[in-house]
*Asks:* 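Before I ask anything, let me first share the structure, which is written out below as structure tokens.
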Amino acid sequence: MIDSILLVDDEDLFHLVFEDACSLLDITLSLESLTSADEAEKLFKEWFKKKNDDKPECIFVDLNIIGSSFDGIELIRKINFEYGNGVVIGIISSSDEAEEQSKAIKAGAQFWIIKSSDIEPRLEDFKKALKVDYEGN
């Protein structure tokens, strides 16, 4: 099971919503939050150079990160193709457009969670999918 998540989202309030939803679902983890894709890229560069195992096991990326020099799909592409894979990657977005989802999957995203007031069921589905992937159940 995943123990550490990096959330990259420009909305501070959503960081709290996400953390609360994880707590309600008893998803025990170390959650780190960043507000820009640039900050996340910098961390992955450091982890890649040091071959550090401190990198998170999962990263959730907002599709449109205001104040960043590139969007969430480009961040996913960079993580997968420049800094090595091995991280479960999900998009967390208010959009559910099929074209955007297709771009994200091509870049290496494995999950898509729509931001809404009903985030708990979406995280529950994520949790169940990971259990199957990790335990084969």
*Asks:* Do I91 and I113 have side chains that approach each other closer than 4.5 Å (heavy atoms only, starting at C-beta)?
*Replies:*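 Result no, sub-4.5 Å side-chain heavy-atom pair not found.
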*Asks:* When rounded to the nearest 0.5 angstrom, what is the spacing between CG in L63 and OG in S94?
*Replies:*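 The OG atom of S94 is 8.0 Å from CG of L63, to the nearest 0.5 Å.
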*Asks:* From I59 CD1 over to E32 CD, what is the distance, rounded to the nearest 0.5 angstrom?
*Replies:*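 It is 9.5 Å, given to the nearest 0.5 Å.
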*Asks:* Distance from H15 atom NE2 to D12 atom CG, nearest 0.5 Å?
*Replies:*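 Here the interatomic distance stands at 5.5 Å.
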*Asks:* For F70 and A37, work out which heavy atoms get closest and say how close.
*Replies:*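 Closest heavy-atom pair between F70 and A37: CE1-CB, 3.5 Å.
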*Asks:* Tell me, yes or no, whether the heavy-atom count around L16 atom CG, taken from other residues, nucleotides or ligands under 6.0 Å, exceeds 12.
*Replies:*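 It does: L16 CG has more than 12 such atoms within range.
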*Asks:* Using the test side chain to side chain donor-acceptor pair (under 3.5 Å), find all partners of Q101 that sit at least two apart in sequence or belong to another chain.
*Replies:*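 Result, side chain to side chain donor-acceptor pair (under 3.5 Å) vs Q101: none returned.
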*Asks:* Measure the NZ-CD1 distance between K45 and I79 for me, rounded to the nearest 0.5 Å.
*Replies:*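 It is 12.5 Å, given to the nearest 0.5 Å.
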*Asks:* So do the side chains of E57 and I5 get within less than 4.5 Å of each other, counting heavy atoms only?
*Replies:*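 When only atoms from C-beta onward are counted, I5 and E57 do not touch, as no gap falls below 4.5 Å.
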*Asks:* Within a strict 4.5 Å, meaning less than it, do heavy atoms of the F18 and L13 side chains meet?
*Replies:*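 Of all side-chain heavy-atom pairs linking L13 with F18, none is under 4.5 Å.
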*Asks:* Within a strict 4.5 Å, meaning less than it, do heavy atoms of the I65 and D9 side chains meet?
*Replies:*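 I65 does not reach D9 side chain to side chain.
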*Asks:* Is any side-chain heavy atom of I105 less than 4.5 Å from a side-chain heavy atom of Q110?
*Replies:*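 No. Closest side-chain heavy atoms not under 4.5 Å.
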*Asks:* Atom CD1 in I92, atom CD1 in I114: separation rounded to 0.5 Å?
*Replies:*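 One gets 10.0 Å once the value is rounded to the nearest 0.5 Å.
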*Asks:* So, are K115 and E11 salt-bridged, with charged N and O less than 4.0 Å apart?
*Replies:*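 Yes, charged N to carboxylate O under 4.0 Å.
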*Asks:* Would you call K42 and E39 a salt bridge, taking side-chain N to carboxylate O under 4.0 Å as the test?
*Replies:*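 No.
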*Asks:* Quick one: does I76's side chain get under 4.5 Å of N80's, heavy atoms only?
*Replies:*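 Counting from C-beta outward, I76 and N80 do come under 4.5 Å.
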*Asks:* Does a side-chain heavy-atom distance below 4.5 Å link V87 with W47?
*Replies:*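 SC-SC contact between V87 and W47 ruled out.
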*Asks:* Just so I know, are the side chains of E100 and W112 near enough to count as touching, which here means a heavy-atom distance under 4.5 Å?
*Replies:*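 They are in side-chain contact.
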*Asks:* Compute whether any side-chain donor of one residue and acceptor of the other, for S69 and D38, lie under 3.5 angstrom apart.
*Replies:*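 Judged by distance alone, the side chains do pair up.
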